[in-house]
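Take a look at the structure set out below.
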Protein chains: 2
Amino acid sequence: MQVFWSNGYEATSVRLLEKEMGINQFSIYSSFSSKKNLFIQSLQRYRAYVKQNVYHDLLKDGAGWNDFETFLLGSASESSGNRGCLVVNSAAEIDTSEKEIISEINGYFEFIRGMIRNLLYSAIQKKELPAHTDIEKQSAFFLGVMQGISVASRTMKGDQLKDFISLALNQIK
Amino acid sequence: MQVFWSNGYEATSVRLLEKEMGINQFSIYSSFSSKKNLFIQSLQRYRAYVKQNVYHDLLKDGAGWNDFETFLLGSASESSGNRGCLVVNSAAEIDTSEKEIISEINGYFEFIRGMIRNLLYSAIQKKELPAHTDIEKQSAFFLGVMQGISVASRTMKGDQLKDFISLALNQIK
DNA sequence: GTTATATATAAGCAATAGCTTAGAAATGAT
DNA sequence: ATCATTTCTAAGCTATTGCTTATATATAAC
């Protein structure tokens, strides 16, 4: 997962995986069948990884809009100049004919959108957001914003990224 | 440019370029020196291409916010399931150590942001937007949104993409 | 302690990567 | 028409690609 994240799918050779994973090519192939399958399992692991390490607090039952705002604004300061999101990078790189990979990518984005939906729903319950808030449209918007943040975190400077995020959060008000 | 746009940088082989460009490898190398340099020139050509064919109307002197809204909403219906933006795809794929390429990518995004700045300025003059509109922050926001649109156009369905864009445009109101 | 099973390594496979050389065909100037 | 220059093609260079085979080593069962 880390090697694909740092280098992208095509630029990651099996020799590099061998070196970074610390095991032989044969072991890689006997465990993962093919480079493509290892990549798919890396995408699955990435999802489990961000669940535990990145979005953990936002996935808790009590989480609301305030938590989401804090999270996004916090990510602006950390994530400028970083690798971006592995799945966004893959969505931009991988050919649409790669059905299995695309399916994994779509599943990930549905997961993120589901998380945003829940946050919006909780926020309405908590009266952080008005009852008429359109959860479907807003979740689409913030998913798109998060995809933008991934690209922007690779290209924008910190303050520019922060402006992008703060105005995105401002939209819902 | 087209081959890199369709396949990405790493997945584009010189054999494929040879075939699609209709000329021999030697001719490619005598004209462009290296695959990397051909890619850089493709990025430059892409910029000229979108200037003439995509953003032409928005770059005209009279263009204001209404034109930008029409453009973005129009792109939602066309661009779902397409290749996305070559430069965004490249920003997601290319390693940050590739200084020359990254510089070209940054230049492109500065160009887009400059266009948005001009649109915001004109919009204020035309009283489409209030005079207190923060051009710097708003241009960062809409650049981030356009980066998101590129990713979203590869992954979202049309109506979802349209929701994203319409709420993004709603932010400024 | 021996045997069976799993997992490691090293070496090597054909195919393709980016790039170059050698030489033919076309071009343009005189 | 000739000669020099440019621009083409075909072939081939070394290195690396994703993947396998043959073989050794560790593990586990009885």
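Per chain, numbering begins at 1; letters A, B, ... match sequence-line order. Computation of the quantities below employed the complete heavy-atom set of this structure, encompassing side-chain atoms and omitting hydrogens, waters and symmetry-equivalent molecules.
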Return all side-chain donor-acceptor pairs below 3.5 angstrom for residues 16-28 of chain B, not counting sequence neighbours, or 'none' if the list is empty.
residue : atom : partner : partner atom : Å
B:Glu18 : OE2  : B:Gln25 : N            : 3.0
B:Asn24 : OD1  : B:Phe26 : N            : 2.8

Report task. Rounded to the nearest angstrom, tell me the gap between atom CD1 in B:Ile23 and atom C1' in C:dA25. Result -> 16 Å

Query raised in the report: Quick one: ring pair (Phe, Tyr, Trp, His ring centres under 6.0 Å) partners of A:Phe32, sequence neighbours excluded?
Result: none

Report task. Return the set of residues passing salt bridge (charged side-chain N to carboxylate O under 4.0 Å, His left out) with A:Lys36 (not counting sequence neighbours), or none when no residue passes. Result -> A:Glu98

Report summary line: A correct 5'-to-3' footprint of nucleotides 14-28 of chain D, with B, S and - meaning base, sugar-phosphate only and no protein heavy atom under 4.0 Å, is ---BBBBB-------

Query raised in the report: Given atom NZ of B:Lys19 and atom P of C:dA17, what is their separation to the nearest angstrom?
Result: 11 Å

**Report entry** salt bridge (charged side-chain N to carboxylate O under 4.0 Å, His left out): pairs with one or both residues in residues 161-173 of chain B, sequence neighbours excluded
**Finding:** B:Glu69-B:Lys173

Query raised in the report: Of all residues at least two apart in sequence or in a different chain, which pass the side-chain hydrogen bond (donor to acceptor under 3.5 Å, both in side chains) check with A:Asp95?
Result: A:Ser97

Query raised in the report: Rounded to whole angstroms, how far apart are CE on B:Met21 and P on D:dT9?
Result: 12 Å

